[in-house]
Amino acid sequence: MRTHLCGDLRPDQIGDTVSVCGWVGRRREHGEHLAFVDLRDHSGIVQCVINDDIDVRSEYVLRITGVVRERPEGTINDNLPTGQIEIGDCEVEILRTATPPPFPIDARADDVDENIRLQYRYLDLRRERMQKNLRIRSAVNAAVRNSMADQGFVEVETPMLVPSTPEGAREFLVPSRKEPGSFYALPQSPQLFKQLLMVGGVDRYYQIARCLRDEDLRADRQYEFMQLDMEMSFVDQDDVLEAVSASVLDAAEAVTGERPDPIERITWRDAMNRFGIDKPDLRFGMELRELTDAFASTEFKAFAGAEAIKGIKVDGGADEYGRNQLDKLTDKAKGAGAKGLVWMKAVAGDDGGVRFDSPVAKFLSDDEVAGLAAAMDAAVGDLVLIVADDWEPTCEVLGMLRNEIGRPPVHQGPYRYVWVVEFPLFVGRDKETGNPKSGHHPFTMPHPDDVDKFESDPMSVRSIAYDLVLNGWELGSGSIRIHEPELQRRVFAGLGISDEEAERKFGFFLNPFEYGAPPHGGFAFGLDRLVAILAGEDNIREVIAYPKTQSGQDPMTNSPTAGDPKAVEELGLRIIPRVD
RNA sequence: GGUCCCGUGGUGAAGUCAGGAGUUCACGCCGGCCUGUCAAGCCGGAGGUCGCGGGUUCAAAUCCCGUCGGGACCGCCA
């Protein structure tokens, strides 16, 4: 039907008779004998000069055959890639008329209520921004596939109907018709299957896998999302990190044309100490500073005896933050679990040095003030925020404040990838049993140097688990897995899981290891998140063709919908009336 | 489960704090004029249950209560 794409026409084609197909964008009519029509397809727009009085309206679908010609002197449009030429002597074929769209099919729809964009997603997708995002996504998928294939990985599909597993994210359940009362689950990840592929001798597996989790939605979370899922046999952590790095950097290069620097590494403990979070955003400073020593012998009660005292400095923030805003920051800090927040404004002292304006200044000695100014490297006009508490909450609260105050939108600025390694094996404790909980999952390899601390100090045991972080978003995580039973038993013991319980909960998964599980490890990273950041979006819905809203609905199809009573009955289900 | 923000012709906004006739602006739509525009221009016109329900009031887009929908975040996401 067509010889060229609209956006591809250039002065090279001058004199050629071409056919293009697309949608009518803007029209500029000058009476019966002259009209300019911008014809649009996914490649861009081209101006067609129509000398008939043919009636073409917004979003009509046309096939136009005409001659490419140079635009007359003074009518070149530098804002368009096709702006040097136009199509004249146009023969217009209306392939389909159209009712006017509810919103303009151009950048102005960026401001349209997202619900309306999603209701008419097929129109939204016609826009340049969405076309660009879909193509970036496709390029990332292709680059990742190429990269994995180049590295000797084998693409294997795993089932979508899987057994329900006891722990982890809430699953979507699928009722079985043949066995009423029984359910499949949709996979929250292919974890079980990929590790068994290693037992199966696949050696290097990957899959662009759809994962489903019935958890609340966010800017970076959808019910369904895509992961580059991979697993490798006979490897250590470096092998996995290198393989993942290669595919991520290949994908980034495919989109931006520039290969990022090798990805730096930081330990979990350093990340917490310096940034107060396990997914640090390295694009800006404001690092946490250590103040524990500076207040080692303080009389100030809020600081005395605290396990950790740390601060962050807001450059020039003294004037910017009034009492009102400081109160809000304090509320936020308390909301995050802090006992309180100490703020100090650096002002000029009588001796030319720095002293601090603060409600607590009077409790601090001259030595402490000097130590604080030095440790924070505070200059006149700076705002210092200090938290004193146990080590982890101190870090977390300041990390939250650091992000709150200094963090740019996720897509902005340079791309800062970072590996966070040596995550703790256990994180927190179960509210009911008091047992430690797995940081990553129960099959994660403990750090070999820490194995003897299992019983004496379990919470300090590190693991061979790692996250990949980009601009403060967790792209993904992985670990080296436990492949031999004695170590697995010790980890289960640390988690408070007995042999019987382990057999009951995880037997189906671990018993196959008895037939010879190779040492193995793997990783999975979220493609939606990577694509969103590479596309300059701060919301993964913008890079998903048909996303759901925060309440899990699709305004275009109105799903979820009530189940057909017959179908429900056939599944052996009965709907319980909702009680509020 | 919680905190905060938003909902006004097809679209985007102003109006809401401080109640007084569905008022205004831009885009779009319909009709007319117009042979070099590109956010075309000029003239005219149509189009709204101010998300929904209740309350207060002589009077509600505006105040109060509830509810629905959207968004950001906390919880949750081994």
Side-chain angles (χ1 to χ4, degrees), chain A residues 25-39 45-53 55 57-59 69 71-80 82-83 86 88 99-120 123 165-171 188-189 191-192 211-223 225 328 331-332 335-337 400 403-404 409 423 425-428 430-431 436-444 463 465 474 477 479 491 495 497 505-506 526 538-539 541 548-553 555 558 580:
Chain A
R26 299 195 145 261
R27 292 156 294 147
R28 295 169 293 280
E29 294 185 59
H30 293 256
E32 290 183 4
H33 301 293
L34 178 66
F36 301 98
V37 169
D38 290 337
L39 196 69
I45 63 176
V46 64
Q47 171 166 285
C48 304
V49 185
I50 295 175
N51 297 108
D52 304 325
D53 64 345
D55 186 28
R57 306 283 170 125
S58 258
E59 300 307 312
R69 64 192 189 199
R71 290 198 185 193
E73 186 92 30
T75 64
I76 286 171
N77 186 344
D78 292 327
N79 299 320
L80 282 182
T82 60
E86 62 190 12
T99 49
F103 51 80
I105 311 300
D106 58 35
R108 286 172 294 178
D110 290 346
D111 298 325
V112 171
D113 187 292
E114 194 181 348
N115 219 33
I116 291 170
R117 290 177 54 208
L118 291 179
Q119 187 185 343
Y120 299 93
L123 296 179
T165 47
E167 317 221 339
R170 188 183 297 115
E171 297 166 322
Q188 43 171 308
S189 85
Q191 189 66 34
L192 151 71
C211 304
L212 298 107
R213 294 179 188 173
D214 189 4
E215 300 287 355
D216 287 356
L217 278 37
R218 289 280 200 289
D220 60 351
R221 278 159 40 183
Q222 282 274 304
Y223 282 152
F225 59 99
K328 275 184 190 156
D331 286 345
K332 278 189 176 149
M400 182 275 293
N403 273 348
E404 184 81 25
F423 268 75
L425 189 66
F426 303 117
V427 174
D430 191 284
K431 278 174 207 140
K437 295 188 292 183
S438 282
H440 185 56
H441 60 54
F443 320 112
T444 302
S463 67
E474 180 194 323
S477 57
S479 64
V491 171
L495 292 165
I497 298 174
K505 280 187 167 177
F506 305 114
D538 51 18
N539 182 323
R541 293 188 298 274
K548 305 246 183 324
T549 66
Q550 202 167 65
S551 63
Q553 306 199 312
N558 285 319
D580 292 312

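What you see is a predicted model; the values in this text were computed from it and never measured. Naming convention: chains lettered A, B, ... in sequence-line order (proteins, then strands); numbering from 1 in each chain. Keep in mind that the numbers below use all heavy atoms, side chains included, and drop hydrogens, waters and symmetry copies.
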Participant: Which whole number of Å gives the distance between the C1' atom of B:rA46 and that of B:rA40?
Facilitator: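 Roughly 23 Å separates the two C1' atoms.
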Participant: Select one nucleotide: of B:rG71, B:rA40, B:rG36, the one nearest the side-chain heavy atoms of A:Thr75.
Facilitator: B:rG36
Participant: For B:rG70, does either OP1 or OP2 sit under 4.0 Å from a side-chain N or O belonging to A:Ser551?
Facilitator: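 For B:rG70, OP1 or OP2 has a side-chain N or O of A:Ser551 closer than 4.0 Å.
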Participant: Do the side chains of A:Arg117 and A:Asp110 get close enough for a salt bridge, i.e. N-O under 4.0 angstrom?
Facilitator: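 Looking at A:Arg117 and A:Asp110, the cut-off is not met.
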Participant: Mind checking what makes side chain to side chain contact (heavy atoms under 4.5 Å, CB included) contact with A:Val427, not counting sequence neighbours?
Facilitator: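 Testing A:Val427 for side chain to side chain contact (heavy atoms under 4.5 Å, CB included), a comparison that skips the adjacent residues, returns A:Pro424.
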Participant: Does any nucleotide pair with B:rA39 by Watson-Crick or G-U wobble geometry, both distances under 3.5 Å, and what is it?
Facilitator: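 Because no pair has both required distances under 3.5 Å, B:rA39 counts as unpaired.
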Participant: Can you identify which nucleotide, out of B:rU35, B:rG69, B:rC77, has its nearest atom closest to the A:Glu215 side chain?
Facilitator: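 Closest of the options to the side chain of A:Glu215: B:rC77.
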Participant: Can you check each nucleotide of nucleotides 2-13 of chain B against protein heavy atoms at under 4.0 Å and return B for base, S for sugar-phosphate only, - for none, in 5' to 3' order?
Facilitator: --------SSS-
Participant: Between protein and nucleic acid, restricted to nucleotides 29-31 of chain B and to nitrogen or oxygen atoms under 3.5 Å apart, what atom pairs and distances do you find?
Facilitator:
| from | atom 1 | to | atom 2 | distance (Å) |
| --- | --- | --- | --- | --- |
| B:rC29 | OP1 | A:Arg27 | NH2 | 3.1 |
| B:rC30 | OP1 | A:Arg57 | NH1 | 2.4 |
| B:rC30 | OP2 | A:Arg57 | NH1 | 3.4 |
| B:rC30 | O5' | A:Arg57 | NH1 | 3.4 |
| B:rG31 | OP2 | A:Arg57 | NH1 | 3.2 |
| B:rG31 | OP2 | A:Arg57 | NH2 | 3.2 |

Participant: Check if the side chain of A:Arg221 and the base of B:rG71 share a donor-acceptor pair of N or O atoms closer than 3.5 Å.
Facilitator: no
Participant: For B:rA13, what is the paired nucleotide under Watson-Crick or G-U wobble rules, both distances under 3.5 Å?
Facilitator: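 The base-pairing partner of B:rA13, which may sit in any strand shown, is B:rU24.
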Participant: Searching all strands shown, indicate the nucleotide that pairs with B:rU67 (Watson-Crick or G-U wobble; both distances under 3.5 Å).
Facilitator: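 Per the H-bond distance test, B:rG51.
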Participant: What pairs with A:Arg170 under side chain to side chain contact (heavy atoms under 4.5 Å, CB included), at least two apart in sequence or on another chain?
Facilitator: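 Per chain and number, A:Arg170 pairs via side chain to side chain contact (heavy atoms under 4.5 Å, CB included) with A:Asp214, A:Glu215.
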Participant: Donor-acceptor pair under 3.5 Å: do we get one between A:Arg218's side chain and the base of B:rG75?
Facilitator: yes
Participant: Before accepting this row, confirm whether a basic side-chain N of the pair A:Asp55/A:Arg57 lies closer than 4.0 Å to the acidic partner's carboxylate O.
Facilitator: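 Yes.
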Participant: In terms of side-chain heavy atoms of A:Arg28, which of B:rC38, B:rG71, B:rA78 is nearest?
Facilitator: B:rC38
Participant: Taking side chain to side chain contact (heavy atoms under 4.5 Å, CB included) as the test, write out the residues that go with A:Lys505, two or more places apart.
Facilitator: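 Testing A:Lys505 for side chain to side chain contact (heavy atoms under 4.5 Å, CB included), a comparison that skips the adjacent residues, returns A:Pro166, A:Glu167, A:Glu501.
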Participant: What residues form a salt bridge (Lys or Arg N to Asp or Glu O under 4.0 Å) with A:Glu474, not counting sequence neighbours?
Facilitator: none
Participant: What's the gap between B:rG9 and B:rA14 when it is taken at their P atoms, as a whole Å value?
Facilitator: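 After rounding to an integer number of Å, I get 13 Å for this pair.
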Participant: Taking atom P in both B:rG19 and B:rA60, what distance in whole Å separates the two?
Facilitator: 13 Å
Participant: Run the side chain to side chain contact (heavy atoms under 4.5 Å, CB included) test against A:Pro100 and tell me which residues pass, sequence neighbours left out.
Facilitator: none
Participant: Tell me what A:Glu59 touches on the nucleic acid: a base, only sugar-phosphate, or nothing, going by heavy atoms under 4.0 Å.
Facilitator: nothing
Participant: Nearest to the side chain of A:Arg213 - B:rA40, B:rA78, B:rC76?
Facilitator: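 Of all the options, the side chain of A:Arg213 is nearest to B:rA78.
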Participant: Taking any strand in view, what nucleotide pairs with B:rG45 in a Watson-Crick or G-U wobble way, both distances under 3.5 Å?
Facilitator: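 Paired with B:rG45, as far as the under-3.5 Å criterion goes, is B:rC29.
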Participant: Between B:rU3 and B:rC65, how far apart are the two P atoms, rounded to whole Å?
Facilitator: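 Straight-line distance between the two P atoms is 14 Å.
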Participant: I'd like to know if A:Glu29 reaches the base of B:rG41 with its side chain such that a donor and an acceptor end up less than 3.5 angstrom apart.
Facilitator: no
Participant: With the side chain counted from C-beta on, respond yes when A:Arg221 and A:Arg213 share a heavy-atom pair under 4.5 Å apart, and no when they do not.
Facilitator: no
Participant: From C-beta outward on A:Pro442, which listed nucleotide comes closest to its side chain: B:rA78, B:rG69, B:rA72?
Facilitator: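 Nucleotide nearest to A:Pro442's side chain: B:rA78.
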Participant: With sequence neighbours excluded, tell me which residues meet salt bridge (Lys or Arg N to Asp or Glu O under 4.0 Å) with A:Asp53.
Facilitator: none
Participant: Answer with base, sugar-phosphate or nothing: what part of the nucleic acid does A:Ala219 contact at a heavy-atom distance below 4.0 Å?
Facilitator: sugar-phosphate
Participant: Across all strands shown, which nucleotide pairs with B:rU3 by Watson-Crick or G-U wobble geometry, both distances under 3.5 Å?
Facilitator: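 B:rU3 is paired with B:rA72.
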Participant: Using a 4.0 Å heavy-atom cut-off across all strands, classify A:Arg117 as base, sugar-phosphate, or nothing.
Facilitator: nothing
Participant: Would you jot down, in residue-number order, the residues of residues 45-53 of chain A having a non-hydrogen atom under 4.0 Å from RNA chain B?
Facilitator: A:Gln47
Participant: Which whole number of Å gives the distance between the P atom of B:rU56 and that of B:rA13?
Facilitator: 34 Å
Participant: In whole angstrom, give me the gap between the P atoms of B:rA72 and B:rA18.
Facilitator: 31 Å
Participant: Going by the rule salt bridge (Lys or Arg N to Asp or Glu O under 4.0 Å), which residues pair with A:Arg26 if we only count those two or more places apart in sequence or in a different chain?
Facilitator: none
Participant: Under 4.0 Å, heavy atoms only, any strand: does A:Asp216 hit a base, just the sugar-phosphate, or nothing?
Facilitator: base
Participant: Taking pairing as Watson-Crick or G-U wobble with both contacts under 3.5 Å, can you name the mate of B:rC77, or confirm there isn't one?
Facilitator: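 Base partner found: none.
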Participant: Report, one line per pair, each donor and acceptor closer than 3.5 Å where one atom sits in a side chain of residues 436-444 of chain A; sequence neighbours left out.
Facilitator:
| from | atom 1 | to | atom 2 | distance (Å) |
| --- | --- | --- | --- | --- |
| A:His441 | ND1 | A:Phe443 | N | 3.1 |
| A:His441 | NE2 | A:Gln191 | NE2 | 3.4 |
| A:His441 | NE2 | A:Arg481 | NH1 | 3.3 |
| A:Thr444 | OG1 | A:His441 | N | 3.3 |
| A:Thr444 | OG1 | A:His441 | O | 2.8 |

Participant: Using the test salt bridge (Lys or Arg N to Asp or Glu O under 4.0 Å), find all partners of A:Arg69 that sit at least two apart in sequence or belong to another chain.
Facilitator: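 Checked A:Arg69 against salt bridge (Lys or Arg N to Asp or Glu O under 4.0 Å); matches are A:Glu86.
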Participant: Would one find a side-chain N or O of A:Asn539 under 4.0 angstrom from OP1 or OP2 of B:rA72?
Facilitator: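 For B:rA72, OP1/OP2 do have a side-chain N/O of A:Asn539 under 4.0 Å.
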Participant: Taking the same atom, P, in B:rG20 and in B:rU67, what whole-Å distance lies between them?
Facilitator: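 About 28 Å, rounded to a whole number of Å.
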